[in-house]
Amino acid sequence: MEHEGIFRMWLERKPIFKNREYLRPTYTPERLPHREEQIHQLARILVAPLRGETPSNIFIYGKTGTGKTATVKYVIKELEKVGKELQRRVEGIYVNCEMVNTRYRVLATLVNCLVGGDRGARGVPMTGWPTDAVYDCFLRSLDSTERVVVIVMDEVDRLVAKNGDDVLYDLTRINSELRSTKVSVIGISNDARFTTYLDPRVKSSLGEEEIVFPPYNAIQLKDILEQRASEAFNPRVLGEGVIQLCAAHAAREHGDARRALDLLRVAGELAERDNTGMVTVEHVRRAYEKVEQDKMMELIRTLPSQSKLVLYSVLLLTEKGRNRITTGEVYEAYRRICRSGGVDVLTPRRVSDLISELDMLGVISTQLISSGRYGRTKEIVLNISPVQLRAALQEDDSISTIDVLTLPRQLTLM
DNA sequence: AATCCACAGGAAGCCCGGGAAC
DNA sequence: GTTCCCGGGCTTCCTGTGGATT
């Protein structure tokens with residue numbers, strides 16, 4: 001009886017998702033709305049080697065979630081297709097410099113991609129060889145057969161920040177060392193200032209062609225969401241205005257399509273849990289709160305410990321029901337907390353800065369008020385619920401071990 | 001008008017860890 | 001290895017300030 005009920009419940013549940021993979025950021029869609037311009041530019045540049053000309057290198061810039069990676073991957077796939085039709089060998093190699101972030105690793109990865117595509121696995125080990133030997137090996141495997149190779153360096157700023165630009169220097173001038181094969185390098189970055197750190201030679205070579213990916217506006221986001229939603233959701237499960245609302249939220253955050261898709265997916269998951277068979281704007285609203293809250297919790301967890309202690313002081317005062325929390329009160333509470341926890345006590349000046357930082361991060365809000373004769377100070381309010389804040393803060397050892405027995409008494413003496 | 005509170009927030013410099021240059 | 005430099009966290013010292021109070 002019981003068991004039957006459980007299964008019936010699941011059977012009767014109307015499925016929301018057809019395939020939620022389409023909403024994940026890793027998925028590369030077939031069509032990329034509002035990126036025609038960029039696709040066109042890329043194609044114009046990349047077609048050169050197919051005509052036997054030396055290709056330009058390309059630098060791509062755009063904020064997160066503006067479709068840089070997806071567009072490049074798409075164009076390269078198309079390029080490989082056309083190459084096959086023309087009986088020319090075209091190979092795209094994708095390197096994410098966030099993981100592959102040294103000269104050695106980049107070269108090794110490239111060799112292994114080239115050789116692996118050729119015949120079985122017999123490549124360069126991930127460590128051990130002298131880097132120059134890997135470079136030679138790279139040159140030889142490139143030139144072994146005539147072909148066009150497009151090397152995509154995603155998040156290339158990470159590589160340079162950690163390592164300097166010597167690999168990029170290798171890559172951008174590699175064409176002069178090759179007889180038959182032609183190489184084009186595409187660098188992708190979301191930091192526009194990144195090129196200023198480059199060696200001028202690399203800079204001019206990589207920046208031969210520059211493509212900018214502007215943020216999406218709300219209307220464009222709506223198109224993107226609609227297209228993905230038609231693949232991801234079952235028909236007629238999306239309520240009125242759901243997509244518009246997701247698009248509007250993401251548009252406010254510098255047009256990040258990834259966040260828009262995230263929002264839509266979380267809304268769908270919430271609706272699934274509700275088992276009403278329908279995603280409503282209310283779900284989006286809750287999804288937005290959840291996503292924001294997750295972000296905030298993560299932010300608090302990664303705060304430096306002194307900031308956490310200051311925040312903890314604000315929390316305790318809030319929990320005690322203080323209605324006007326001022327800088328002075330926070331400092332006094334903070335001082336006692338530190339002392340009872342055996343932690344160094346910072347000066348009021350520094351704590352004042354920490355309070356301002358917390359304000360900037362949006363964890364608290366402050367307002368400058370003047371009580372005339374009774375001085376000028378900041379009034380402080382928490383921007384998140386005390387319960388959640390406590391949960392996030394208590395993961396920190398230095399706070400969870402603070403003497404909970406003596407502290408409340410000390411604070412009530414204030 | 002002068003005073004004065006309770007801070008805000010600027011300026012300069014100390015300390016320390018880490019990375020580059022020698 | 002040593003030395004140098006840099007940046008971030010922090011302290012010290014400082015000047016500035018809106019408005020109730022005198």
Side-chain angles (χ1 to χ4, degrees), chain A residues 97-106 127 130-132 155-170 189 191-203 298-318 320-383 392-393 396-399 402 410-411 413-414:
Chain A
C97 302
E98 203 186 348
M99 343 263 279
V100 185
N101 54 10
T102 66
R103 182 168 180 238
Y104 185 95
R105 277 192 232 162
V106 169
T127 174
T131 309
D132 287 348
E155 318 224 16
V156 67
D157 41 330
R158 298 301 189 90
L159 181 64
V160 175
K162 210 180 153 211
N163 238 280
D165 48 11
D166 44 0
V167 201
L168 288 177
Y169 183 68
D170 290 344
S189 161
D191 184 359
R193 295 168 308 153
F194 150 74
T195 48
T196 58
Y197 306 130
L198 289 178
D199 180 307
R201 288 169 299 183
V202 177
K203 190 178 164 187
E298 188 51 34
L299 192 146
I300 290 167
R301 269 191 279 272
T302 53
L303 238 35
S305 60
Q306 286 289 357
S307 296
K308 280 182 183 166
L309 288 166
V310 172
L311 193 53
Y312 187 52
S313 320
V314 179
L315 173 64
L316 285 180
L317 291 172
T318 309
K320 269 181 60 189
R322 276 292 161 79
N323 43 354
R324 297 170 77 237
I325 301 174
T326 65
T327 305
E329 283 182 310
V330 172
Y331 185 72
E332 192 52 29
Y334 159 83
R335 210 170 51 82
R336 289 164 194 245
I337 289 167
C338 286
R339 279 218 306 246
S340 83
V343 189
D344 288 350
V345 185
L346 302 181
T347 55
R349 180 68 188 85
R350 179 60 187 151
V351 171
S352 166
D353 274 347
L354 292 179
I355 289 173
S356 299
E357 277 170 31
L358 289 173
D359 185 15
M360 303 263 267
L361 292 170
V363 188
I364 60 178
S365 291
T366 68
Q367 197 184 354
L368 197 60
I369 52 158
S370 179
S371 319
R373 187 67 214 263
Y374 304 107
R376 264 153 65 86
T377 185
K378 274 178 170 171
E379 219 175 276
I380 297 161
V381 241
L382 280 181
N383 273 349
L393 283 176
D396 194 279
D397 290 345
S398 64
I399 285 178
I402 285 174
Q410 289 193 3
L411 283 176
L413 292 177
M414 283 177 64

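Residue numbers start from 1 in every chain, and the chains themselves are labelled A, B, ... in the order their sequence lines are given, proteins ahead of strands.
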By side chain to side chain contact (heavy atoms under 4.5 Å, CB included), A:Glu298 pairs with (sequence neighbours left out) A:Arg301, A:Thr302
Expressed as a whole number of angstroms, how long is the span from [X]:[atom1] to [N]:[atom2]?
| X | N | atom1 | atom2 | answer |
| --- | --- | --- | --- | --- |
| A:Asp359 | B:dA8 | CG | C1' | 13 Å |
| A:Glu329 | B:dC7 | CD | C1' | 13 Å |
| A:Tyr331 | B:dA8 | OH | C1' | 16 Å |
| A:Glu379 | B:dA6 | CD | C1' | 14 Å |
| A:Ile369 | B:dC5 | CD1 | P | 17 Å |

Per-nucleotide protein contact string for nucleotides 14-22 of chain C (B base, S sugar-phosphate only, - none; heavy atom under 4.0 Å): ---BBBBSS
Output, in order, the C-alpha distance, side-chain angles, deciding distance and verdict of side-chain contact (heavy atoms from CB on, under 4.5 Å) for A:Arg349 and A:Asp353. CA-CA 7 Å; A:Arg349 180 68 188 85; A:Asp353 274 347; 3.1 Å; yes
Applying a 4.0 Å non-hydrogen cut-off, can you work out what A:Leu368 is touching in the nucleic acid: base, sugar-phosphate, or nothing?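 A:Leu368: backbone/sugar contact only, no base atoms under 4.0 Å.
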Is there a side-chain polar atom (N or O) of A:Ser352 under 4.0 Å from OP1 or OP2 of B:dG9?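 No, no such contact exists.
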Is A:Lys378 close enough to B:dA6 that one of its side-chain N or O atoms is under 4.0 Å from OP1 or OP2 there? no
Do you see a donor-acceptor pair shorter than 3.5 Å between the side chains of A:Ser352 and A:Lys378?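 No, no side-chain donor-acceptor contact under 3.5 Å.
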Could you tell me the separation between the CG atom of A:Leu315 and the CG atom of A:Leu311, rounded to the nearest 0.5 Å?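 Answer for the CG-CG pair, A:Leu315 versus A:Leu311, is 7.0 Å.
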Name the pairs: protein N/O against N/O of nucleotides 10-12 of chain C, kept only if under 3.5 Å.
residue, atom, partner, partner atom, Å
C:dC10, OP2, A:Arg350, NE, 2.9
C:dC10, OP2, A:Arg350, NH2, 3.0
C:dT11, OP1, A:Thr347, N, 3.3
C:dT11, OP2, A:Thr347, N, 3.0
C:dT11, OP2, A:Thr347, OG1, 2.8

N/O donor-acceptor pair under 3.5 Å between A:Glu332 side chain and A:Glu329 backbone: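 Absent.
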What pairs with A:Ser307 under side chain to side chain donor-acceptor pair (under 3.5 Å), at least two apart in sequence or on another chain? none
Would you mind listing every ring-ring contact (aromatic ring centres under 6.0 Å, His included) that reaches into residues 325-373 of chain A, with sequence neighbours excluded? A:Tyr331-A:Tyr334
Verdict with supporting geometry, A:Val381 and A:Ile364, side-chain contact (heavy atoms from CB on, under 4.5 Å): CA-CA 6 Å; A:Val381 241; A:Ile364 60 178; over 6 Å; no
Got a sec, which residues hit salt bridge (charged side-chain N to carboxylate O under 4.0 Å, His left out) with A:Lys308, two or more places apart in sequence or on another chain? A:Asp396
